[in-house]
Amino acid sequence: MAALSLVLLAAPASAEDSEPEKLINALNNLFGAHAKMRAAHTKGICIKGNFTPTPEAASLSKAPQFAAPVQLIGRFSLGGGNPMASDSQKDNVRGIAMHFQLPDGSNSDLLLISAPIFAAKTPEDFLALLTAVASKDKDKIGAYFKEHPESTRQGAWLKARPTPASYATADYFGVHTFYLTNAKGERQAVKWKAEPVGGFVGLSDKDAEAKGTDFYAKELNDKFAKGPVAFNLYAVLGQPGDQDDDPTAEWPADRKSVKVGTISFSGLEPAATCDEGIFDPNVVADGIEPSPNDKILPMRSLDYAVSFGRRTQ
Ligand code: HEM
């Protein structure tokens, strides 16, 4: 019943809709509204593991996860709102969302995608992009990209690289700038990056096509049967003048990075564990601060809350 589940169930946008509701409606219009499911990153797998910080991590941030190991709940996902998105699609992001479970019972969240950039600089631009693509009108889509060349970067970046062979062999990026503060009160701009311990492994276009649409879940389960799936987590260090407001732009390639720890996923977790809450990029421990200048970042909490409200109705 693939076609049925793609039927559009979204409520039409009205003048009274708030900005986050407009964005979730636009996602639903493009991908279909799927009962009980996320409006974006709909297809995914809930996992568990732990994070072990390096000794260097505490010199950057006083957040508890950089002082001692913590348990993780995570979710690998495909971008977009199609629950049947293809695992072999090259120009789609893979995601990892994580709750770092802190000793006081709270979470510090980290969300990463498999591209160093996002597709829009502001929520208004993202709404215009989703609306143009949903119209399927080539002129409207062309006009959007002509006016917003920065929105072409993510697709171009993904198309220039092989399809990740596995959720476990992609590299992932936080995209936004965060400010870390250590125990001495020193502040440092960073962007997060996670690299698979065994390095990036991709598939040729031919091999990706041959794998079909649904191989990541089995592949991951087979990997877990042999042992944990691990990533090195890095803080890429910003320098004065580096932009902290633009998730469509990368920092210069020569920025140094510090390994802050190892993410190790050990196995699957029931989907309900991931679905009962929100992975929210602004839910972070003291010692980590979202850039106040990024327009997309604060909106994400509001957007995710609307998606959560609808999927738990
Ligand atoms: C205004 C821009 C954005 C909108 C409207 C948006 C929308 C959404 C929505 C609706 C969800 C599902 C939330 C839920 O029901 O729990 C989601 C999940 C997610 N988003 Fe975004 N997003 C945006 C920007 C970004 C950016 C810049 C990143 C880059 C790191 C990102 C990464 C993710 C990931 C990894 C998930 C999966 C979370 C999970 O597995 O539960 N998003 N997004």
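Side chains included, hydrogens not; waters and symmetry mates left out as well; all remaining heavy atoms used. Atoms within each ligand, like the ligands themselves, are counted from 1 in listed order.
With distances taken over non-hydrogen atoms, the option nearest atom 15 (O) of ligand 1 out of Cys274, Ser307, Gly80 is Ser307.
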- Query: ring pair (Phe, Tyr, Trp, His ring centres under 6.0 Å) between Phe279 and Tyr304: does it pass, once the steps are laid out?
  - Reply: CA-CA 8 Å; Phe279 294 94; Tyr304 293 19; 9.7 Å; no
- Test side chain to side chain donor-acceptor pair (under 3.5 Å) applied to Tyr216 and Ser166, step by step: CA-CA 6 Å; Tyr216 276 176; Ser166 162; over 6 Å; no
- Chi angles and distances behind the side chain to side chain donor-acceptor pair (under 3.5 Å) call for Asn282, Ser301: CA-CA 7 Å; Asn282 296 297; Ser301 297; 2.7 Å; yes
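Arg38 NE, 2.7 Å is the protein heavy atom nearest to atom 41 (O) of ligand 1. The protein heavy atom nearest to atom 38 (C) of ligand 1 is Ala97 CB, 3.7 Å. Shortest contact from atom 40 (O) of ligand 1 to any protein heavy atom: Arg75 NH1, 2.7 Å. The protein heavy atom nearest to atom 16 (O) of ligand 1 is Arg311 NH2, 2.6 Å.
For the pair Asp242 and Arg255, the salt-bridge criterion is met [side-chain N within less than 4.0 Å of a carboxylate O].
Environment of CD in Glu19: crowded, with over 12 heavy atoms of neighbouring residues, nucleotides or ligands closer than 6.0 Å.
Under a 4.0 Å criterion applied to the non-hydrogen atoms of Leu112, ligand 1 contributes the atoms 35 (C). Close approach to Phe279 involves these atoms of ligand 1, each under 4.0 Å from a residue heavy atom: 39 (C), 41 (O). Close contacts between ligand 1 and His176 involve ligand atoms 27 (C) [criterion: under 4.0 Å to a heavy atom].
Heavy-atom distances between Met299 and ligand 1 stay at or above 4.0 Å for every pair.
Exactly one residue among Arg311, Arg38, Arg75 makes a side chain to side chain donor-acceptor pair (under 3.5 Å) with Asp275. That residue is Arg38.
Side-chain N or O atoms of Arg94 include one that pairs as donor or acceptor with a backbone N or O of Asn92 at under 3.5 Å.
Atom 21 (Fe) of ligand 1 has Tyr304 OH as its protein N, O or S neighbours under 2.8 Å.
Within the structure, disulfide (SG to SG under 2.5 Å) contacts touching residues 262-313 (residues at least two apart or in different chains) are Cys46-Cys274.
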Pair up each side-chain donor or acceptor in residues 222-230 with any protein partner under 3.5 Å, not counting sequence neighbours, and list the distances.
| residue | atom | partner | partner atom | Å |
| --- | --- | --- | --- | --- |
| Asp222 | OD2 | Lys218 | NZ | 2.8 |
| Lys223 | NZ | Glu219 | OE2 | 2.3 |

Which pairs would a plain distance check flag for residues 198-206, meaning a side-chain donor or acceptor within less than 3.5 Å of a matching protein atom at least two apart in sequence or in another chain?
| residue | atom | partner | partner atom | Å |
| --- | --- | --- | --- | --- |
| Ser204 | OG | Asp207 | N | 3.0 |
| Ser204 | OG | Asp207 | OD2 | 3.4 |
| Asp205 | OD1 | Lys90 | NZ | 3.1 |

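Taking the six-membered ring for Trp and thresholds of 30 and 60 degrees, Phe76 and Phe231 have ring planes inclined between 30 and 60 degrees apart.
Neither the backbone nor the side chain of Val306 comes within 4.0 Å of ligand 1, counting heavy atoms alone.
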